[in-house]
Amino acid sequence: MKFFIDTANVDEIKQAASIGVLDGVTTNPTLVARENRKFEDLIKEICGIVDGPISAEVISLEYDGMVKEAKKLAQIHKNITIKLPMTLEGLKACRTLTDADIMTNMTLVFSPSQALLAAKAGATFVSPFVGRLDDISTSGMDLIDQIVTIYENYGYTSEVLVASVRHPLHVVEAAMMGADVVTMPFKVIEKLVKHPLTDKGIDSFLKDWKKVKDLK
Ligand code: E4P
């Protein structure tokens, strides 16, 4: 399973990369806006930190504009993955970019039918937003289960990229379902490692070791 970090913050990306479990980065316009930096410069710097797919999202809503933006972004680095909105225009752009050997990530996916179309358009990654579905009392993880089944049924090669992840349970359930990738905020990566019994165990081992050390 691949772990991506869902942020445009360079410090967070460096911290996550230093752990040694990071496979890629996803950004979106909201995350980029928080950094107050020129988009291309920021993306270029991120590409220098992580050697894996780096998602950069287009802003245009029409096919021509999307493809133009995508081709410019793709020139920044070989790992750039173009994030396209899940619309008919986005699907058209996805097919064009796939045929041009440019990696794509269909974003804002909220239904199995959208995911099916994204796979047929040749998307490299398909991003169902689980947290935002949970927010409206619909199970985000049920959607992941459906998409994984559909892709397995037909052998689609698009990777299921679980997005809008809010807590470690999303990550564990995604792993149980066989999702290919999870993208998560840095705070979720930190939470994945935590267990109160680990902390308690370390504490008691250190206390006991002090007794050994104090022996003459
Ligand atoms: C995915 O690529 C998106 O950037 C992200 O996961 C959206 O998450 P949010 O619903 O927490 O904004």
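No experiment lies behind these values; they were computed from the predicted model shown.
The aromatic rings of His170 and His167 sit parallel to each other, their planes meeting at less than 30°, with 60° as the upper class boundary.
Using a 4.5 Å cut-off on side-chain heavy atoms (C-beta onward), Tyr156 and Leu116 make contact. Proximity of Val130 to Met141: side-chain heavy atoms (C-beta onward) are separated by under 4.5 Å at one or more points. Using a 4.5 Å cut-off on side-chain heavy atoms (C-beta onward), Ile147 and Pro128 make contact. Residues Pro29 and Ile59 are in side-chain contact: their nearest non-hydrogen atoms beyond the backbone lie under 4.5 Å apart. Using a 4.5 Å cut-off on side-chain heavy atoms (C-beta onward), Thr107 and Glu57 make contact. Residues Val162 and Thr183 fail the side-chain proximity criterion, which asks for heavy atoms closer than 4.5 Å. When side chains are defined from C-beta on, Phe4 does not count as touching Val25, because their heavy atoms never get closer than 4.5 Å. Considering only heavy atoms from C-beta on, Asp99 comes within 4.5 Å of Arg95 through its side chain.
Considering Asp6, Thr26, Ile189 as possible partners of Met184, the one that fulfils the side-chain contact (heavy atoms from CB on, under 4.5 Å) test is Ile189. When each of Asn105, Thr81, Thr104 is checked for a side chain to side chain donor-acceptor pair (under 3.5 Å) with Ser55, only Asn105 meets the rule.
No more than 12 heavy atoms of other residues, nucleotides or ligands sit less than 6.0 Å from atom CG of Asn36. Taking a 6.0 Å sphere around CG of Leu88, one finds it holds 12 or fewer heavy atoms contributed by other residues, nucleotides or ligands. Other residues, nucleotides and ligands contribute more than 12 heavy atoms inside 6.0 Å of the CE atom of Met1.
Between the side chain of Ser60 and the backbone N or O of Glu62, no donor-acceptor pair lies under 3.5 Å. Here the side chain of Thr98 pairs a donor or acceptor atom with the backbone of Cys94 at under 3.5 angstrom. Put simply, the side chain of Tyr63 never gets that close to the backbone of Leu91: no donor and acceptor are under 3.5 Å apart. In terms of modelled atom types and a separation under 3.5 Å, the side chain of Glu35 and the main chain of Val32 share no donor-acceptor contact. No side-chain donor-acceptor contact under 3.5 Å links Thr198 to the backbone of Lys194. Side chain of Arg132 to main chain of Leu108: no donor-acceptor pair is present (N/O by atom type, distance under 3.5 Å, no hydrogens or angles). Asn79 places no side-chain N or O within 3.5 Å of a backbone atom of Ile54 that could act as its donor or acceptor partner.
Between Thr27 and Ala56, the shortest heavy-atom distance links the atoms OG1-CA, 3.9 Å. Between Leu61 and Glu89, the shortest heavy-atom distance links the atoms O-CB, 3.4 Å. Leu143 and Ser111 make their closest contact through CD1-C, 3.5 Å (heavy atoms, listed as atom of the first residue, atom of the second, distance). In plain terms, the two heavy atoms of Asp180 and Glu159 that are nearest each other are OD2-CA, 3.3 Å. For the pair Ser158 and Ala119, the tightest heavy-atom approach, listed with the atom from each and the gap, is OG-CA, 3.4 Å. When all heavy atoms of Pro53 and Asp23 are compared, the closest pair comes out as CD-O, 3.4 Å.
Glu190 has no carboxylate O lying under 4.0 Å from a charged side-chain N of Lys187, or vice versa, which leaves the two without a salt bridge. Between Lys211 and Asp214, no side-chain nitrogen of the basic residue sits less than 4.0 Å from a carboxylate oxygen of the acidic one, so the salt-bridge criterion is not met. The pair Lys68-Asp64 does not meet the salt-bridge criterion, since no charged nitrogen lies less than 4.0 angstrom from a carboxylate oxygen. By the 4.0 Å N-to-carboxylate-O rule, Asp51 lies close enough to Lys78 to be salt-bridged with it.
Hydrophobic clustering, with ILVMFWY side chains joined whenever heavy atoms are under 4.5 angstrom apart, keeps Phe129 apart from Val181. Connection of Leu31 to Val165 is not established within any shared hydrophobic cluster, with ILVMFWY side chains joined at heavy-atom distances below 4.5 Å, either directly or through further cluster members. Hydrophobic clustering, with ILVMFWY side chains joined whenever heavy atoms are under 4.5 angstrom apart, keeps Val58 apart from Met103. Hydrophobic clustering of Ile, Leu, Val, Met, Phe, Trp and Tyr side chains at less than 4.5 Å, counting indirect connections, keeps Ile43 apart from Leu161. The same ILVMFWY cluster, assembled from side-chain heavy atoms under 4.5 Å apart, contains both Val182 and Val148.
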Step-by-step side-chain contact (heavy atoms from CB on, under 4.5 Å) determination, Asp145 to Glu173:
CA-CA 9 Å; Asp145 206 22; Glu173 287 179 3; over 6 Å; no

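Atom CD1 of Ile80 sits about 10.0 Å away from atom CD of Glu40, to the nearest 0.5 Å. Here the straight-line distance linking atom CZ of Phe110 with atom CG of Leu133 works out to 6.0 Å at 0.5 Å rounding. Residue Met66 holds its CE atom at 9.5 Å from NZ of Lys92, rounded to the nearest 0.5 Å. Atom CD1 in Ile19 sits 5.0 Å away from atom CZ in Phe186 (nearest 0.5 Å). With rounding to the nearest 0.5 angstrom, the CD atom of Glu152 is 12.0 Å from the CE atom of Met177. The structure places CD of Glu69 at 9.5 Å from CG of Leu84, a figure rounded to the nearest 0.5 Å.
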